[in-house]
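Read the structure below first, then the notes.
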Amino acid sequence: QVHLVESGGGLVQTGGSLRLSCAASGFIFTFYNMGWYRQAPGKQRELVAGITSGGRTNYADSVKGRFTISRDNTKNTMYLQMNSLKPEDTAVYYCNAVGAASPSHNYWGQGTQVTVSS
C-alpha cells in the first residue's frame with residue numbers, strides 16, 4: 001500500500017525558514033519522479049518544485065533562489081527547504097510521486113499546512 005506522509009509544516013514569520021519532508025513507502029522510490037505542490041485557499045494547486053528519479057530539479061519562478069528540493073533515496077524521503085518565506089507562500093503543501101516509466105502511477109500525500117505571517 002502506497003503512503004506519502006508530509007511533515008514539517010507550521011507557522012513562521014516572514015523571512016523565516018521551514019523544511020518539509022515527505023516519507024514514502026509502498027513503492028520503489030528510486031523509480032519515481034517526485035514533486036511538491038501547493039494550494040492556497042481559492043486557488044488551483046500549483047507545482048512548486050520537482051525532482052526526477054535521476055535527480056534533476058525544476059522550480060516555479062516564484063520560489064527560485066529561495067526553495068531547494070532534494071531527495072534521499074536511502075531513506076525514501078524527499079525534502080523541501082524553504083527560506084526567505086513570504087506570506088504568499090501560505091498554502092497546503094502536497095507531496096506527489098509519479099512513476100518515471102509509468103505516469104499512470106500517480107500518488108499524493110495528505111498535505112501539510114504552511115502559514116507565513118506578515
Side-chain angles (χ1 to χ4, degrees):
Q1 190 172 3
V2 172
H3 289 287
L4 293 172
V5 180
E6 301 98 335
S7 61
L11 174 64
V12 65
Q13 291 185 333
T14 296
S17 297
L18 285 173
R19 188 194 195 203
L20 304 184
S21 298
C22 172
S25 62
F27 60 96
I28 302 175
F29 186 72
T30 53
F31 289 0
Y32 279 69
N33 299 327
M34 302 294 296
W36 287 100
Y37 288 73
R38 67 186 180 188
Q39 187 166 20
K43 295 188 177 181
Q44 289 189 328
R45 190 173 297 190
E46 63 174 358
L47 175 67
V48 176
I51 184 166
T52 68
S53 57
R56 285 177 293 141
T57 60
N58 64 286
Y59 297 90
D61 288 343
S62 59
V63 306
K64 283 181 181 176
R66 299 188 298 122
F67 291 10
T68 302
I69 190 172
S70 61
R71 64 191 294 165
D72 185 339
N73 291 336
T74 67
K75 296 181 178 179
N76 288 356
T77 301
M78 175 180 64
Y79 304 97
L80 185 68
Q81 178 66 44
M82 304 186 294
N83 298 328
S84 301
L85 282 161
K86 305 175 181 180
E88 51 263 44
D89 295 318
T90 295
V92 178
Y93 283 70
Y94 296 92
C95 172
N96 175 250
V98 178
S102 52
S104 62
H105 294 175
N106 190 338
Y107 309 118
W108 292 91
Q110 82 289 350
T112 185
Q113 176 70 46
V114 171
T115 303
V116 184
S117 63
S118 56

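What's counted below: heavy atoms across the whole structure, side chains too, no hydrogens, waters or symmetry copies.
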Least distance between heavy atoms, [X] atom then [Y] atom:
X	Y	value
Ala91	Ala40	CB-N, 3.8 Å
Ala97	Met34	CB-SD, 3.5 Å
Ala49	Tyr59	CB-CD2, 3.6 Å
Thr77	Ser21	CG2-CB, 4.3 Å

- Listed once per pair and sorted, the disulfide bond (SG atoms under 2.5 Å apart) pairs that draw on residues 59-118, sequence neighbours left out: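 Matches after skipping sequence neighbours: Cys22-Cys95.
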
Under 4.5 Å between side-chain heavy atoms, hopping through other hydrophobics if needed: is there a path connecting [X] to [Y]?
X	Y	result
Leu80	Ile51	yes
Trp36	Phe27	yes
Val63	Tyr79	no
Leu4	Val48	yes
Val2	Tyr32	yes

- Item | Partner of Thr90 under side chain to side chain contact (heavy atoms under 4.5 Å, CB included), chosen from Val114, Val116, Val12, Leu11 |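 Only match with Thr90 under side chain to side chain contact (heavy atoms under 4.5 Å, CB included): Val116.
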
Quick check: do [X] and [Y] have side-chain heavy atoms less than 4.5 Å from each other?
X	Y	answer
Ser25	Asn76	no
Leu20	Glu6	no
Arg38	Glu46	yes

- Task: Starting from Trp108, walk the hydrophobic network (Ile, Leu, Val, Met, Phe, Trp, Tyr; side-chain heavy atoms closer than 4.5 Å) and list everyone else you reach, by chain and number.
- Result: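 Other cluster members: Tyr37, Leu47, Val92, Tyr94.
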
Roughly how far apart are [X] [atom1] and [Y] [atom2], rounded to 0.5 Å?
X	Y	atom1	atom2	result
Glu88	Thr14	CD	OG1	8.0 Å
Met82	Thr68	CE	OG1	11.0 Å
Phe67	Leu85	CZ	CG	5.0 Å
Met78	Asp72	CE	CG	12.5 Å

- Short question: side chain of Arg71, backbone of Thr52 - any donor-acceptor pair under 3.5 Å?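 Yes.
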
- Item | Worked check of side-chain hydrogen bond (donor to acceptor under 3.5 Å, both in side chains) between Ser17 and Asn83 | CA-CA 4 Å; Ser17 297; Asn83 298 328; 2.9 Å; yes

- Query: Looking just at side-chain N and O atoms, do Arg56 and Asn58 make a donor-acceptor pair shorter than 3.5 Å?
  - Reply: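 No.
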
- Message: Tell me if the CD1 atom of Ile28 is crowded by more than 12 foreign heavy atoms within 6.0 Å.
- Response: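 No - once you tally the heavy atoms of other residues, nucleotides and ligands closer than 6.0 Å, there are 12 at most.
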
- Task: Kindly determine whether Lys86 and Asp89 satisfy salt bridge (Lys or Arg N to Asp or Glu O under 4.0 Å), including the steps that lead there.
- Result: CA-CA 5 Å; Lys86 305 175 181 180; Asp89 295 318; over 6 Å; no

